[in-house]
Amino acid sequence: MGYTLSEKILAAHAGLAAARAGQFVDVAVDIVLSNDITAPIAIREFEELGVERVFDPERVVMVPDHFAPNKDIASAEQCRRVREFARAQGLRHYFEVGRMGIEHVLLPEQGLVVPGDVIVGADSHTCTYGALGAFATGMGSTDIAVAMATGRTWMRVPETIHISYHGSLQPYVGGKDLILYTLGQIGVDGARYQTIEFAGPVLEALSMDGRLTMANMAIEGGAKAGLFAVDERTRAYLDGRAARPWQAYQADDDAVYVRRLEIDVAQIEPQVAFPHLPENARAVSEAGEIVIDQVVIGSCTNGRLEDLRVAAAILRGRQVHANVRCIVIPGSQQVYLDAAREGLLEAFVTAGAAVSTPTCGPCLGGYMGVLAAGERAVSTTNRNFRGRMGHPDSQVYLASPAVAAASAVAGKIAHPASFDGQRDEEKAL
Amino acid sequence: MRLRGRVWKYGDHVDTDAIIPARYLNVSTAEALAPHCMEDIDPTFAAQVKEGDMIVAGENFGCGSSREHAPLAIKGAGVSGVVACSFARIFYRNAINVGLPILESAEAAAGVESGQELEVDLEAGEIQNLVTGETWRAEPYPPFMMGIIRAGGLVPYTRRNLVAGQGTAVVEGRGNV
């Protein structure tokens with residue numbers, strides 16, 4: 001009987017010939033990540049361990065992105081703590097404001113993630129890197145402190161759910177819609193303690209940005225990791241970017257899966273996940289009349305160049321509805337620069353949207369777009385838990401950049417196709 | 001190790017934003033986080049919770065963010081332990097790592113109401129409703145994890161292993177964690 005991607009990667013990092021789901025293993029890690037919210041606790045626990053140096057200053061990565069640029073004095077103190085630790089330890093990959101990005105946009109872009117890696121991060125969306133065939137998972141600060149000190153961590157080898165996508169995509173349906181639809185099928189704990197292997201012809205044709213969006217939200221199904229097989233698209237993405245040599249692993253044809261799902265994408269419309277769980281996915285045409293106050297386009301889920309291109313194509317030459325605040329947040333300095341060069345930022349500003357420097361800010365109700373009581377937002381982020389973006393009586397609807405941009409213009413949840421045919425250049429979309 | 005306290009009961013999918021809203025994550029000590037614990041789903045909790053009280057919940061407790069601030073806030077509020085049908089994976093690790101006792105038992109979670117008194121024998125994995133007298137057995141911890149719990153968390157456990165020259169946590173066996 002064969003092995004899954006998770007079993008192969010974890011066995012290799014545990015120095016074992018093979019490992020099976022359910023087994024506890026002690027694995028070497030390739031990258032240990034934390035941010036300005038989680039690193040301060042990790043640093044405190046690291047110091048508590050009595051270890052002087054991190055196991056490898058090339059492999060311990062810190063990114064102040066959640067409440068950075070500093071949102072208040074307490075956040076400034078947390079960022080300073082991270083900065084001072086990074087300097088004292090000589091961390092090569094500490095990313096300062098002005099040279100940073102949202103961690104899960106930044107690390108793949110900088111080539112710090114390669115296939116076959118085991119990556120642990122004190123951020124639940126660390127699973128994003130599964131798009132590149134890395135076994136990447138979120139942990140808490142104390143686990144990260146121990147990994148920073150020893151370069152190792154314990155894992156339970158997870159069972160794997162195999163989800164295969166086939167059929168032809170409808171217009172305006174992308175990675176975000178596929179993952180929201182999938183969450184609607186399996187539920188927010190449908191993959192708890194397990195890995196999802198994303199596969200099938202639809203995903204072979206999906207861009208790397210779309211794959212990163214899907215892997216990013218594996219955690220919203222409770223998954224430990226969400227993995228894609230390495231293919232030509234992966235290799236093209238890594239060309240000239242990968243910071244380290246890498247090895248691709250492949251699941252065996254006779255690998256043992258706990259569950260197999262086949263999804264015919266032809267039936268999938270652009271999706272909207274209603275409050276207050278990501279599993280509350282509905283087709284946008286069935287959303288009804290939901291008047292909104294704010295739109296956020298960005299985050300580790302949808303803050304990449306392709307996402308901004310999609311949003312700009314809809315916003316260009318139109319105006320954000322008078323009753324809507326539209327906030328666009330490029331996911332990294334590189335995305336920001338590329339978007340500027342392509343004229344996307346001009347399209348946003350001309351349309352009446354605000355463009356922010358990279359930050360996680362509004363996604364978790366930190367700053368840069370906190371919601372008041374009773375307000376509704378359409379957001380390209382990943383969570384719509386009660387109070388997630390602000391007041392506990394506010395509401396978040398999760399959607400793709402296309403739906404978010406269309407909704408910003410309409411002032412209510414809208415299908416991007418509702419603007420089709422209104423302008424010539426859109427027929428090419 | 002025995003825990004005894006009054007029950008605060010909640011439903012399924014209590015997420016980490018509910019346990020400690022992100023707007024309070026500009027601080028990181030248990031003492032500073034505790035006054036905001038459960039604030040958005042139960043504004044009475046932090047003011048009324050007493051030392052030793054226990055949280056009982058449904059499926060997938062602690063889903064969402066990896067923030068260790070969540071078990072820290074619960075611990076800081078004086079809660080002695082959490083019993084749930086199931087826990088989200090990251091929360092489970094975090095709770096063990098910071099020394100917050102957690103037990104999985106769907107039967108216990110179903111058989112307890114808010115305000116009732118609960119007693120837990122952690123070593124035996126036994127949960128008793130002191131009002132009804134009903135007793136349940138929780139899923140046992142894998143042996144190495146019991147070692148982390150006995151050591152008082154992952155940091156003292158790892159420190160001991162580092163001193164012993166083992167370098168890192170020793171794990172073995174199989175389990176459903």
Side-chain angles (χ1 to χ4, degrees), chain A residues 20 22-26 37-38 40-42 44-45 48-51 66-67 71-75 77-78 121-126 137-143 145-146 149-156 188-189 192-193 219-220 222-224 277 364-366 370 383 385-388 390 392, chain B residues 12-13 15-18 21-29 32 39-41 43 59-60 63-72 86-98 142 144-145 148 153-159 161-163 167-177:
Chain A
R20 279 286 180 207
Q23 189 174 339
F24 288 104
V25 291
D26 177 36
I37 302 270
T38 56
I41 298 181
R44 184 168 82 205
E45 298 303 316
E48 187 70 19
L49 275 171
V51 177
H66 278 57
F67 293 166
K71 90 175 176 87
D72 54 22
I73 293 169
S75 304
E77 295 294 346
Q78 293 201 135
D123 188 279
S124 61
H125 293 107
T126 301
T137 193
M139 292 184 174
S141 298
T142 298
D143 271 318
V146 170
T150 65
R152 307 190 69 87
T153 193
W154 70 266
M155 298 245 190
R156 176 187 173 279
V188 291
D189 61 351
R192 202 168 46 87
Y193 294 142
I219 179 68
E220 311 319 331
K224 184 166 182 162
L277 286 174
L364 71 166
V370 173
R383 292 194 174 127
F385 300 148
R386 193 175 154 87
R388 172 74 180 179
Chain B
D12 294 339
H13 312 305
D15 61 79
T16 52
D17 283 279
R23 58 185 177 275
Y24 300 118
L25 300 186
N26 54 5
V27 292
S28 63
T29 63
E39 186 172 291
D40 286 357
I41 58 165
E59 299 287 351
N60 204 26
C63 63
S65 143
S66 71
R67 65 189 69 156
E68 204 163 287
H69 311 66
L72 284 177
S86 63
F87 292 90
R89 185 191 64 83
I90 306 176
F91 182 90
Y92 188 102
R93 285 183 80 118
N94 286 348
I96 300 290
N97 289 347
V98 306
F144 82 91
M145 208 176 288
I148 297 176
L154 185 65
V155 165
Y157 178 80
T158 307
R159 201 164 46 207
N161 285 338
L162 287 171
V163 170
T168 180
V170 179
V171 298
E172 54 190 13
R174 299 175 63 81
N176 294 316
V177 171

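Chain naming here is simple, since letters A, B, ... match the order of the sequence lines and numbering starts at 1 in each. Computed from a predicted model, the values in this text were never measured in an experiment.
The two residues A/Q78 and B/L25 have their closest heavy-atom pair at NE2-O, 3.1 Å. Closest approach of B/I148 to A/W154, counting heavy atoms only: CD1-NE1, 4.2 Å. Taking both residues in full, the closest heavy atoms of A/F24 and B/P142 are given as CZ-CG, 3.5 Å, listed atom of the first, atom of the second, then distance. A/T137 and B/R89 get closest at one heavy-atom pair: OG1-NH2, 2.6 Å. Taking all atoms of both residues into account, the shortest heavy-atom contact from A/Y193 to B/F87 is OH-O, 3.1 Å. Pairing each heavy atom of B/A22 with each of A/L364, the nearest pair is CB-O, 3.1 Å.
From B/R93, atom CZ reaches atom OG1 of A/T153 across 4.5 Å, with rounding to the nearest 0.5 Å. One finds the OG atom of A/S124 at 8.0 Å from the CZ atom of B/R67 (value rounded to the nearest 0.5 Å). The CG atom of A/D143 sits 9.5 Å away from the CD1 atom of B/I90 when rounded to the nearest 0.5 Å.
You'll find the side chain of A/R383 reaches within 4.5 Å of the side chain of B/S65, heavy atoms only. Contact check for A/T150 versus B/L162: side-chain heavy atoms found under the 4.5 Å cut-off. Between A/D26 and B/F144, the closest side-chain pair of non-hydrogen atoms is not below 4.5 Å. A 4.5 Å side-chain heavy-atom check between B/H69 and A/I37 finds at least one atom pair inside the cut-off. B/L154 is not listed as a side-chain neighbour of A/E45, based on a closest heavy-atom distance of 4.5 Å or more. Within the 4.5 Å cutoff, side-chain heavy atoms of B/R159 are placed close to those of A/E48.
Proximity to chain B is absent for every atom of A/V370, based on heavy atoms less than 4.5 angstrom apart. No part of A/I73 comes within reach of chain B, as not one of its non-hydrogen atoms sits under 4.5 angstrom from that chain. Interface remark: B/F91 contributes no atoms to any contact with chain A (heavy atom separation under 4.5 Å). In this structure, the portions of B/T29 lying under 4.5 Å from any heavy atom of chain A include both its backbone and its side chain. For a residue to count as touching a neighbouring chain, one of its non-hydrogen atoms must lie under 4.5 Å from one of that chain's; by this rule B/A18 does not touch chain A. The part of A/I219 that comes within reach of chain B is its side chain, from C-beta onward, which places non-hydrogen atoms under 4.5 angstrom from that chain.
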Where do A/R388 and B/D17 land on the salt bridge (Lys or Arg N to Asp or Glu O under 4.0 Å) test, with the steps shown first? CA-CA 6 Å; A/R388 172 74 180 179; B/D17 283 279; 2.9 Å; yes
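In terms of non-hydrogen atom pairs under 4.5 Å with chain A, the most contact-rich of B/N94, B/V98, B/N97, B/L72 is B/N97. Taking A/G151, A/A149, A/G138 one by one and counting their heavy-atom pairs under 4.5 Å with chain B, the maximum is reached by A/G138. No other option in A/S141, A/S75, A/G390, A/G387 has as many heavy-atom pairs under 4.5 Å with chain B as A/S141.
Under the side-chain hydrogen bond (donor to acceptor under 3.5 Å, both in side chains) criterion, B/N60 pairs with B/H13, not counting sequence neighbours.
No donor-acceptor distance shorter than 3.5 angstrom exists from the side chain of B/E68 to the backbone of A/A122, with no hydrogens or angles considered.
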